[in-house]
Amino acid sequence: MKETLVLNMGPQHPATHGVLRLVLELEGEVILNLEPVIGYLHTGFEKEMETRTYHQNIVFPPRIEYLATFIEEQAYVLAVEKLLGITAPKRAEVIRLILAELSRIASHLVYLGTAAIDLNVTSLLMYCFRDREEILDIFEMVSGQRMMHGYFRIGGLQWDLPQGFAERVQRFLDDFPRRLDEYETLLTDNLIWRKRTEGVAVLSAEDAIRYGCTGPVLRGSGVSYDVRKAFPYGGYADYEFDVPVGSNGDAFDRYRVRMDEMRQSRRIILQALRGLPEGPILVDDRKVALPPRRELVRSMEAVIHQFKLVSEGIHPPAGEVYASVESPRGEKGYYIVSDGSNRPVRVRVRSASFNNLQALPVMLRRGTVADVVVAIASIDIVLGDVDR
Amino acid sequence: MAVTFRYLFRPPITILYPEAKRAAVQPRFKGRHWLTLYDDGMERCVGCELCVIVCPSQAIFVQAGENTPEHQVSKGERYAADFQINELRCIFCGFCEEACPTGAIVLGREYELASFTRDSMIYTKPMLTEPYPGSSGRDPKREV
Amino acid sequence: MTRPEDVLVQRLGEAVVEQVRFRDDLTLIVPREHMLRALEIAGSTGFRLLTDLTAVDRHPAQPRFDVIYMLTSVEQHARIRFMVHLAADQTMPSATSLWPGANWLEREVFDLFGIRFDGHPDLRRILMPDDWEGHPLRKDYPLVEEPVEFKGHTPKVPSEIIPKSKPKLL
Amino acid sequence: MIEVAIVAVKSAVLLFILLTACAYMTLLERRLLGKFQVRHGPNRVGPFGLLQPLADGLKLVFKESFMPAHVDVIVYWLAPAISMIAALFVYAVIPFGPEVTLFGQRVPLRLADVNVGILLVLATSSVGVYGIILGGWSSNNKYSLLGSLRSSAQLISYELALGLAVISVVLTAGSLSLVRIVEAQRHVWFVALQPLGFLIFLIAAVAETNRAPFDLPEAEQELIAGYQTEYGGFKFAMFYIGEYVAIVTMSALATTLFWGGWWGPLLPGLIWFVFKTLAFVFFFIWLRATLPRVRHDQLMALGWKFLIPLGLLNLVVTAVIVVLRQS
């Protein structure tokens, strides 16, 4: 009989990207069995969202998944709008799209930095965070907060864009490809990086679908499924972009897919900036959106609407909807059940990380301890998203 | 390797906090709360409790009091006799600012809100009210 | 052009008790005993991706639970939702034989709603600690709240500050 | 009598310099890494953070000396000591410069000129690895054990390649004494004669010192500092000194064997030696800031399938050339 070593990796471990615990059964350094244990960050967001109004719940999505904040808000807001049967004005939609794509870049940069530091490329983390900081500065400029924005509203946005927004984004995007190339020189052209990621954590397309994987994990395996293309939402149908797809389904392919996605995001933002329409940023429906502030001093009616909307909240019709967006980690969906009251009966957060993480044991069949780190980084989990 | 070598000669991007602060926070920054005044020194808050209701983390407490001709505090019938914000509960979402019909509560620019006791983080009305009109950085003559 | 949903509905035939269409989302209500078969048919019709598996507690209405399966066709870009009405004492057949990815999803539903899945290989709690009592997402599971600290006042607990309005039925 | 005194004084001075240098290397490394990563690095304690090593050292010495349960007490204590002593011991034979005259006494800038100096260096640096292995084993921690296992595997793979590269130099110089080797480089540095040997030596040296990208025994992201996991306070400091002194050693060796030791125009020999050594230390840090870590099976493959055959080839070619030139 062979003796095996059972190793508990985490929940406090530098490379598990949060409080993830892995129970590894090892023979030497080769993994025989692996079981992820989750739930250390379970905060009961779904339950809490049942106790608050639709408007108040806007604050939860970016806290569930704290790397791609605007995409989260977008997902929730779109779900509620679908429930109400309204769409945001065109300008609001485009602004949301720009911010969502910036979020995607910001999130992928965190992936890149952490994936690199998991393989001890310490410098890249700082470079990535430097770029991410610039995006967060733009976010702060727009919403007043760097991460937990609370900027999207049901039916539109809180404010219009500030002065100088387009120039600032443009400046960032102008410089961005050069930096990406620099990072690619550090990693893609690096023999050790390729050796560490190519053929590691392989997931076949069939397995990826059977485990419900989405996002770069699924696309890295060669399945071209992107919610932005498959079920266009929020105006994505109007823009030209490609969906990068890998072929081997290994960690390197996922890395490639994300790198290319950042370039595609840039392409989308540039198109959107050019075609940014003028117009209102909030629907003109007093049952859904607050009246403009300048009306509050002049019109008694506006004040009454304000009081009514704030103190009672929005009353969507009874029914249930599912709306999803393409988050940097995969399909992020909100399934909202309404009974016609001002609070949802049930908010289900379909998180991509949860499903993707489930495929980890498959990826690491007969892998080594050193591969675990690569695999986790390549799934790019956010534990807040997994445990909710 | 050349890439990292190039970086060796670039100036650092981090700042030496706390000696050097961030150049300026954005005008929209959501920081600590202020209760603003009109330029004649009257309080804007009329004690309507909309901020209490909208706050997702229930960090605000308001107790309304009736204005009397001898004791006129705000420009409405009522005023906030007590107004407290538990800054530890606050998530700085800015919903209160948006809900306030008179534009009384605003989120300021200060972000250094650390303290040693929980008690000192419950801001009371004297701490929240602007010392003089406009000291929070908002124009006291603005409409809402 | 026939849409994949329609093809599926046709193939399912009698198994579908009711079709609900709300805001372009198609929900097929299927009795509990036909569910596994229906999922299998859906899988072979092209709905290969089990996007989500979750439940809703309708307490105090009867039957109490809805179990929801959301399927996506990756190639044909179509979605379908299955719903099973389930009484509090009933169990569901496990879908893990069709999708290994259903494993955790079913564990989560078990953990948060207490719905048991027959034939699940490893039905344990997943998000809550192993020795937790009760199932948090059930409507009769009390929300434990504390009023926020203020000086000299004790306000209402958070969930009571905005009163829940009466449900309006369409 | 006076010779003994001189050696004693030299030892003390050297020890002091080494420990200080090692402490300041941590600062240098952190500052440089900071520079590489476009940030500041430690700058709070003293001007430019110059007192930081002192603060760190004091902290480590005065820290509570804890011991986890179930450790093998004697080995647990012994391991860091072995690691540190072995690392320091190498300096007995490294020549820093030519002879200088101090107070009317001719003082060679070395502790001893052993005629098999290079063997001593290789032998003691291998002993240092025992510290790591024993430390990992005695800690009674799975991560530590994995770390020390990796370390032993690494040692076997790279000691050989290192040895082969060094032997080529020895053949070229015709002596095992480090002083003679340096003297043989008066006109041509061996890096010009032995470029392949130098490359092998460099890679093997990085692996030997467990530095990035071959820092598998520590591998923070995988093994949570590996063999050091259960160490703290002064015992940890000993490991640390061992590691950093080893880096200086390898840099000094590279200088001695390939880059002409103290030879250099204009400046005194000692300064050239220090300068060259520092250049290598800088190289080590630069590597750390840039390269990803290799996996242990890839590391072994590199060692066995690539470096050792190349080293053998290099050795054979060198031997043939040396014989041809003599005849």
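The structure presented is a predicted model; accordingly, all values stated were derived computationally and were not measured. Order of the sequence lines fixes the chain letters, A, B, ..., with proteins taken first and strands second; residue numbering starts at 1 for each chain.
Separation of the A:Y236 and A:Y233 ring centroids falls under the 6.0 Å cut-off.
Both the backbone and the side chain of A:E320 come within less than 4.5 Å of a heavy atom of chain C. Proximity to chain C (any heavy atom under 4.5 Å) is restricted, for A:V227, to the side chain, taken from C-beta onward. For a residue to count as touching a neighbouring chain, one of its non-hydrogen atoms must lie under 4.5 Å from one of that chain's; by this rule C:L50 touches chain A with the backbone only. With a 4.5 Å cut-off on non-hydrogen atoms, C:L105 touches chain A through its backbone and its side chain both. Contacts of A:V321 with chain C are made by both backbone and side-chain atoms, with heavy-atom separations under 4.5 Å. Of the two parts of C:Q76, neither the backbone nor the side chain holds a non-hydrogen atom closer than 4.5 Å to a non-hydrogen atom of chain A. Neither the backbone nor the side chain of A:L41 comes within less than 4.5 Å of any heavy atom in chain C. A:T214 touches chain C through its side chain: at least one heavy atom from C-beta onward sits under 4.5 Å away, while N, CA, C and O do not. Heavy atoms of A:P36 lying under 4.5 Å from chain C belong to its backbone as well as its side chain. The contact between C:R58 and chain A is made entirely by side chain atoms (from C-beta outward), counting heavy-atom distances below 4.5 Å. Contact annotation for A:D387: both backbone and side-chain heavy atoms come within less than 4.5 Å of a heavy atom of chain C.
A:K229 has no carboxylate O lying under 4.0 Å from a charged side-chain N of A:E326, or vice versa, which leaves the two without a salt bridge.
When all heavy atoms of A:K47 and C:R138 are compared, the pair lying nearest together is NZ-O, 3.0 Å. Counting all heavy atoms, side chain and backbone alike, C:F113 lies closest to C:D57 at CE2-N, 3.8 Å.
At a cut-off of 3.5 Å, with distance as the only test, no side-chain donor of A:Y335 or A:R350 sits close to an acceptor on the other residue.
Surrounding CZ of C:R116 are at most 12 heavy atoms belonging to other residues, nucleotides or ligands under 6.0 Å away. Applying the 6.0 Å contact sphere to CD of C:E33 captures more than 12 heavy atoms from other residues, nucleotides or ligands.
For the pair A:R219 (side chain) and A:Y225 (backbone), a donor-acceptor distance under 3.5 Å is present.
If you run side-chain contact (heavy atoms from CB on, under 4.5 Å) between C:E106 and each of C:T96, C:T54, C:D122, only C:T96 comes through.
Most heavy-atom pairs under 4.5 Å with chain A: of the set C:R48, C:M128, C:R81, this distinction falls to C:R81. Contact tally against chain A (heavy-atom pairs below 4.5 Å) for C:P136, C:S73, C:G43, C:P129: the top residue is C:P136. With respect to chain A, the highest number of heavy-atom pairs below 4.5 Å among C:L137, C:L112, C:L53, C:I68 belongs to C:L137. Of the listed residues (C:D24, C:T72, C:D111), the one with the most heavy-atom contacts under 4.5 Å to chain A is C:T72. Heavy-atom pairs under 4.5 Å with chain C were tallied for A:R210, A:R346, A:Q358, A:H42; the largest tally goes to A:Q358. Ranked by heavy-atom pairs under 4.5 Å with chain A, the list C:T27, C:L98, C:T51 is led by C:T51.
Using a 4.5 Å heavy-atom cutoff, the side chains of C:R79 and C:D25 are not in contact.
Figure legend: A:K82 and A:Y322 shown without cation-pi pairing, the cationic atom not lying both under 6.0 angstrom from the six-membered ring centre and within 45 degrees of its axis.
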